Amino acid sequence: MARSSGDLPMIIQGGMGVGVSGWPLARAVALTGQLGVVSGVALDTLLARRLQLGDAGGHIRRALASFPHAEAAERILDRYFVEGGIDPDERFAWCRGFRSTRAKWPPTL
């Protein structure tokens with residue numbers, strides 16, 4: 001089912017979101033030369049909650065350590081990371097969302 005460059009994919013697999021479904025199906029579809037998609041909706045909330053749960057395995061903290069904006073990564077860790085995770089009966093901290101300065105579109109020339 002591999003496709004040549006320039007051809008449209010025969011299969012577009014989508015509708016799965018990070019934290020809802022795993023990435024293996026999207027990967028399997030992509031390995032056949034088709035288009036496998038994983039949605040990035042609510043990534044800010046997912047990141048904040050995983051940090052509040054203690055970041056088992058340290059994956060989020062490792063990613064933040066490589067983030068090019070160290071000050072922003074530090075603010076995220078300070079606000080959301082809970083060593084060992086929150087108590088099971090405790091509510092998650094509200095996630096304000098992570099904002100960056102957005103360029104105006106269209107750019108002024």
Side-chain angles (χ1 to χ4, degrees):
M1 214 188 300
R3 59 189 180 96
S4 62
S5 67
D7 290 345
L8 295 175
M10 294 174 61
I11 297 174
I12 300 175
Q13 168 275 320
M16 297 177 13
V18 171
V20 176
S21 301
W23 51 267
L25 177 58
R27 181 179 187 271
V29 171
L31 287 173
T32 68
Q34 304 305 307
L35 182 61
V37 180
V38 178
S39 167
V41 173
L43 282 176
D44 53 353
T45 300
L46 180 74
L47 182 134
R49 287 186 176 189
R50 287 196 177 170
L51 286 171
Q52 290 172 73
L53 290 171
D55 186 24
H59 306 298
I60 303 296
R61 286 173 287 158
R62 256 192 320 281
L64 287 171
S66 297
F67 193 65
H69 302 286
E71 290 178 10
E74 191 63 35
R75 283 194 310 268
I76 291 166
L77 284 171
D78 289 345
R79 177 159 174 81
Y80 296 107
F81 180 63
V82 177
E83 186 72 44
I86 60 175
D87 291 327
D89 59 341
E90 191 175 347
R91 296 180 131 199
F92 287 108
W94 181 68
C95 179
R96 293 183 278 186
F98 308 125
R99 293 181 182 16
S100 62
T101 304
R102 295 183 183 188
K104 293 181 181 178
W105 192 258
T108 306
L109 301 176

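Given the structure is predicted, the values throughout are model-derived calculations rather than measurements. Reckoned from all heavy atoms, side chains included, excluding hydrogens, waters and symmetry mates.
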So, taking the atom named [atom1] in [X] and the one named [atom2] in [Y], what distance separates them when rounded to the nearest 0.5 Å?
X: Leu64; Y: Leu51; atom1: CG; atom2: CG; value: 6.5 Å
X: Arg49; Y: Tyr80; atom1: CZ; atom2: OH; value: 11.0 Å
X: Thr32; Y: Leu35; atom1: OG1; atom2: CG; value: 10.0 Å

With salt bridge (Lys or Arg N to Asp or Glu O under 4.0 Å) as the rule and sequence neighbours excluded, what pairs involving residues 53-64 come up? Asp55-Arg61
If you apply the rule side-chain contact (heavy atoms from CB on, under 4.5 Å), what do you find for Val38 with Leu25, and how did you get there? CA-CA 9 Å; Val38 178; Leu25 177 58; over 6 Å; no
Contact between [X] and [Y] at the side-chain level, heavy atoms closer than 4.5 Å - yes or no?
X: Gln13; Y: Gln34; value: no
X: Val29; Y: Ile12; value: no
X: Leu43; Y: Val18; value: yes

Show me the donor-acceptor pairs, under 3.5 Å and distance only, between side chains in residues 66-73 and residues at least two apart or in other chains.
none

What about Leu47 and Leu77, same hydrophobic cluster or not, with Ile/Leu/Val/Met/Phe/Trp/Tyr joined at side-chain heavy-atom distances under 4.5 Å?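 Yes: a chain of side-chain contacts under 4.5 Å links Leu47 to Leu77.
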Just wondering, are more than 12 heavy atoms of other shown residues or ligands nearer than 6.0 Å to CZ in Arg79?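 Count over threshold, so yes.
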Pair up each side-chain donor or acceptor in residues 86-95 with any protein partner under 3.5 Å, not counting sequence neighbours, and list the distances.
residue : atom : partner : partner atom : Å
Glu90   : OE1  : Asp87   : N            : 3.4

By side-chain contact (heavy atoms from CB on, under 4.5 Å), which residues pair with Val41, not counting sequence neighbours?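 Once residues adjacent in sequence are excluded, the partners of Val41 under the side-chain contact (heavy atoms from CB on, under 4.5 Å) criterion are Ser39.
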